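All values below were derived from every heavy atom in this structure, side-chain atoms included, with hydrogens, water molecules and symmetry-related copies excluded. Treat the numbers as computed from the prediction; the structure is a model and nothing was measured.
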Amino acid sequence: QVQLVESGGGLVQAGGSLRLSCAASGSIFSIWTMGWYRQAPGKQRELVATITPGGITNYVDSVKGRFTISRDNAKNTVYLQMNSLKLEDTSVYYCNTIRGSTNYWGQGTQVTVSS
């Protein structure tokens, strides 16, 4: 079984930065592809970024150049560094991985960007 726990959300000013963390438990974290999603009220959950076991990353266009996903396999942790935050980045952010046919999600961490 996979357990994911996010942390690092909060209230920040537009233009500021936050770093989200996702601590994973389970077997063989180093071979899992990890992702960050976000969901605002009334909106579909949106894929923000992914990182493969080999460190290949992908980002939704709206965050390219501002967000960076990374991982530390020794700590079983994936990060999302968010810079130059905008009001529209306000969402609950979720950590995700897929094991077999099952999607695993953390509880989410709230990110609110204020003017």
Legend entry - Side-chain H-bond candidate by donor/acceptor type, Thr77 with Asp72, under 3.5 Å: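 No, no side-chain donor-acceptor pair sits under 3.5 Å.
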Legend entry - No-hydrogen, no-angle side-chain donor-acceptor test under 3.5 Å, Ser91 and Gln39: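 No.
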Legend entry - Test item: Phe29 and Asn73 side chains (from C-beta on) under 4.5 Å apart, heavy atoms: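 Phe29 vs Asn73: side chains touch.
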Inset, instruction - Could you check if a side-chain atom of Val48 sits within less than 4.5 angstrom of a side-chain atom of Phe67, using non-hydrogen atoms only? - result: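 SC-SC contact between Val48 and Phe67 confirmed.
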Legend entry - Intermediate values then yes/no, side chain to side chain donor-acceptor pair (under 3.5 Å), Arg19 and Tyr79: CA-CA 7 Å; Arg19 188 178 73 162; Tyr79 304 96; 5.0 Å; no
Legend entry - Leu87 reachable from Leu11 in the ILVMFWY side-chain graph, under 4.5 Å edges: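 In one cluster with Leu11: Leu87, no.
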Inset, instruction - Kindly work out whether a path of hydrophobic side-chain contacts (I/L/V/M/F/W/Y, heavy atoms less than 4.5 Å apart) joins Ile56 to Trp32. - result: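 In one cluster with Ile56: Trp32, no.
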Hey, does the side chain of [X] reach the backbone of [Y] with a donor-acceptor pair shorter than 3.5 angstrom?
| X | Y | answer |
| --- | --- | --- |
| Thr68 | Gln81 | no |
| Tyr59 | Ile69 | yes |
| Thr90 | Val113 | yes |
| Arg71 | Thr52 | yes |

Distance (rounded to the nearest 0.5 Å) between [X] [atom1] and [Y] [atom2]:
| X | Y | atom1 | atom2 | value |
| --- | --- | --- | --- | --- |
| Ser62 | Glu88 | OG | CD | 8.0 Å |
| Met34 | Thr57 | CE | OG1 | 14.5 Å |
| Arg38 | Gln44 | CZ | CD | 14.0 Å |
| Trp36 | Glu46 | CH2 | CD | 14.5 Å |

Legend entry - Pair Asp61 + Lys64: basic N to acidic O under 4.0 Å: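 So Asp61 pairs with Lys64 through a salt bridge.
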If you look at every heavy atom in [X] and [Y], which pair is closest and at what distance?
| X | Y | result |
| --- | --- | --- |
| Leu4 | Ala24 | CD2-CB, 3.6 Å |
| Ser17 | Asn83 | OG-OD1, 2.8 Å |
| Leu85 | Arg66 | CA-NH1, 3.9 Å |
| Thr33 | Pro53 | OG1-CD, 3.4 Å |
| Ala49 | Leu80 | CB-CD1, 4.3 Å |
| Thr109 | Gly9 | OG1-N, 3.1 Å |

Legend entry - Heavy atoms of other groups near Gln110 CD, more than 12 under 6.0 Å: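 Correct, the count exceeds 12.
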Legend entry - Results of side-chain contact (heavy atoms from CB on, under 4.5 Å) for Ile31 - residues two or more places apart only: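 If we apply the side-chain contact (heavy atoms from CB on, under 4.5 Å) test to Ile31, skipping adjacent residues, the hits are Ile28.
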Inset, instruction - Start with the C-alpha gap between Cys95 and Val78, add the side-chain angles, then the distance that decides, and say whether side chain to side chain contact (heavy atoms under 4.5 Å, CB included) holds. - result: CA-CA 8 Å; Cys95 184; Val78 62; 3.8 Å; yes
Inset, instruction - Give the other cluster members for Tyr94, using side-chain heavy-atom distances under 4.5 Å between Ile, Leu, Val, Met, Phe, Trp and Tyr residues; answer none if it is isolated. - result: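 Once heavy-atom contacts under 4.5 Å are chained together, Tyr94 belongs with Tyr37, Leu47, Val92, Trp105.
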Inset, instruction - Determine which pairs satisfy side-chain hydrogen bond (donor to acceptor under 3.5 Å, both in side chains) with at least one residue from residues 3-12, sequence neighbours left out, and list them in order. - result: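 Listed by first then second residue: nothing to list.
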